[in-house]
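These notes are about the structure you will find just below.
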Amino acid sequence: MQIHVIGPNQSLFGIAQAYSTTVNDLVEANDIPNPNNLVLGQALVIPIVGRFYWVQNGDSLYSIGRRFRISAGQLATINRIPANQPLSIGMRLYIPPRPKRNAETNAYVEPRGRTVTPELENSAREAAPYLTYLAPFSFQALRDGSLKEPLLNNFPAIARANNNTLMMVITNQENDQFNADLGHILLTNMQIQNRFLNNIVNTAKKYGFRDIHFDFEFLRPTDREAYNTFLRRARDRFKREGWLISTALAPKTSATQKGEWYEAHDYRAHGEIVDFVVIMTYEWGYSGGPAMAVSPIDQVRRVLNYALTEMPGQKIMMGQNLYGYDWTLPFVQGTVARAVSPQQAIQLAASNNVPIQYDTKAQAPHFNYTARDGKRHEVWFEDACSIQAKFDLIKELNLRGISYWKLGLAFPQNWLLIVENFNVVKR
């Protein structure tokens, strides 16, 4: 597979011809929402084995081979040309696929309201073949050590059918908000903590959870060591059952980083205690803030580089958003941006006849448009190019894999590229 970015005056027919595929295959693979109204800058995944390269000025078989990690001799043999043949500009060469490495993938799924919508359940069913873990969000801990269960519906059955490890996500949320006082009780009151651990074990056995995942946020800084001690107790208890234990961590860039979301998260201790961590490397651009990339790769890299000084890469799952935001301009504090899927973002650009631009520093697509009410908007989202940049970073840093927040927003190119880049581990 390879990625093609729509240029001026290009059509699906012409693109299909260039890559020796069909229009139907392009539309089906990318679930293209605007086949008759392509957007300048729109990224498509070309559903072919390997890729094609068109010779440019100054290219040689040697330089092209170095670029794609293949010898000049192999490149000549595959393309049935003499090894010493001069290359003409515009000549099409076939590049075979590279070997893939193993990786683990996780996706959270968050039912809202009183029922699980068919659309959300279908989203989990469609993603499950590409997942190691499926993580219903969330079991909320209560102050007496009991658990408020999320809507599970068919999620355990979906996990079993796709050989996913069912991840039991446990949070210190009250009324859907992370609560420091609740966290303090669970971490310091031993009677309640014992009841809490017993309830976790009984519930995990009931539903078949095999990874216990703590997403404790907004903890008091003074509870840092209490959290570490609790995780050690939990690990020892869960290991007797043969289960994994994992945690979610705020995106820190140093051990001494200040702030209510960061100080109680001890990267070094978590790296020593748990089987793996999910680092929440997203929400730089968030619904209540000014317009910018949700997970700019330069900021993501800073966090991961720090994490690697505290724990091995094989314990790190990079967090990744499956959504973008549509901000109304000018940004006013107190306003909230609208969440959009990558597919919705493309439709917005198409219906407003505006090109998609790509920020090479953030490695993220974006565009501006004017709504019918005359208000200006700015949209940042994810596309095939931005997610491939993240996959390249995972491979470069030799990380365990990737964890998605959250299912329910359509991004078909992501799953195509998962298969292209990785052998997804099943546990």
Short side-chain to backbone donor-acceptor contact, [X] and [Y], under 3.5 Å:
| X | Y | answer |
| --- | --- | --- |
| Q344 | S341 | yes |
| K252 | A307 | no |
| T203 | N199 | yes |
| D373 | K375 | yes |
| E263 | G259 | yes |
| N37 | A350 | yes |
| K390 | S295 | yes |
| D275 | I245 | yes |
| N172 | L182 | no |
| N189 | I185 | no |

Would you kindly say whether [X] and [Y] are connected by a side-chain donor-acceptor distance under 3.5 Å?
| X | Y | result |
| --- | --- | --- |
| R376 | Y369 | no |
| E378 | W380 | yes |
| R400 | T132 | no |
| Q257 | T253 | yes |
| D144 | S146 | yes |
| N414 | Y130 | no |
| Y207 | E149 | yes |
| Q388 | N421 | yes |
| N305 | R302 | no |
| T165 | K426 | no |
| Q42 | N34 | yes |

When rounded to the nearest 0.5 angstrom, what distance separates [atom1] in [X] from [atom2] in [Y]?
| X | Y | atom1 | atom2 | value |
| --- | --- | --- | --- | --- |
| T105 | I394 | OG1 | CD1 | 10.0 Å |
| L134 | R125 | CG | CZ | 11.0 Å |
| Q2 | I46 | CD | CD1 | 6.5 Å |

request  = Check each of F238, Y108, W243, Y133 against H213 using the ring-ring contact (aromatic ring centres under 6.0 Å, His included) test, and report the only one that passes.
outcome  =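 Of the listed residues F238, Y108, W243, Y133, the ring-ring contact (aromatic ring centres under 6.0 Å, His included) partner of H213 is Y108.
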
State, yes or no, whether a side-chain contact exists between [X] and [Y] at a heavy-atom distance under 4.5 Å.
| X | Y | answer |
| --- | --- | --- |
| V424 | L131 | no |
| Q343 | Q413 | yes |
| L219 | F178 | no |
| P251 | L304 | no |
| I95 | L75 | yes |
| R220 | E260 | no |
| T22 | L26 | no |
| N352 | F367 | no |

Ring centers of [X], [Y] separated by less than 6.0 Å:
| X | Y | result |
| --- | --- | --- |
| Y286 | W327 | no |
| F218 | W261 | yes |
| F422 | F391 | yes |
| Y19 | H4 | yes |
| Y267 | Y262 | no |
| H270 | Y227 | yes |
| F137 | W405 | yes |
| F230 | F214 | yes |

request  = Take N368 and H377 through the side chain to side chain contact (heavy atoms under 4.5 Å, CB included) test and state the conclusion after the steps.
outcome  = CA-CA 6 Å; N368 291 73; H377 288 249; over 6 Å; no

For [X], does the [atom1] atom sit with more than 12 other heavy atoms under 6.0 Å from it, leaving out its own atoms?
| X | atom1 | result |
| --- | --- | --- |
| F13 | CZ | no |
| E396 | CD | yes |
| N353 | CG | no |

If you compare all heavy atoms of [X] against all heavy atoms of [Y], which two are closest, and at what distance to 0.1 Å?
| X | Y | result |
| --- | --- | --- |
| V39 | I346 | CG2-O, 4.1 Å |
| A362 | D359 | N-OD1, 2.8 Å |
| G319 | Y282 | C-CD2, 3.6 Å |
| Q347 | P33 | CG-CB, 3.4 Å |
| N321 | Y323 | ND2-O, 2.7 Å |
| A364 | S386 | CA-CB, 4.2 Å |

inquiry  = What verdict does the side chain to side chain contact (heavy atoms under 4.5 Å, CB included) test give for M317 and I279, after you've listed the backbone C-alpha separation in whole Å, the side-chain angles of each residue and the deciding distance to 0.1 Å?
reply    = CA-CA 6 Å; M317 294 189 76; I279 303 182; over 6 Å; no

key: Test log, rule side-chain hydrogen bond (donor to acceptor under 3.5 Å, both in side chains), inputs R301 and T281   = CA-CA 9 Å; R301 180 184 286 274; T281 41; over 6 Å; no

Does the pair [X]/[Y] count as a salt bridge with the N-to-O cut at 4.0 Å?
| X | Y | answer |
| --- | --- | --- |
| E241 | R210 | no |
| E272 | K315 | no |
| R427 | D211 | no |
| E420 | K100 | no |

query = Which residue, N175, D176, T171, forms the side chain to side chain donor-acceptor pair (under 3.5 Å) with Q140?
reply =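 Single pass found, and it is D176.
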
task = Applying side chain to side chain contact (heavy atoms under 4.5 Å, CB included), run through V294 and E283 and close with a yes or a no.
result = CA-CA 5 Å; V294 178; E283 290 287 286; 4.0 Å; yes

request  = Assess whether side chain to side chain contact (heavy atoms under 4.5 Å, CB included) is satisfied between R143 and I192, documenting all intermediate values.
outcome  = CA-CA 8 Å; R143 294 188 178 218; I192 290 175; 6.0 Å; no

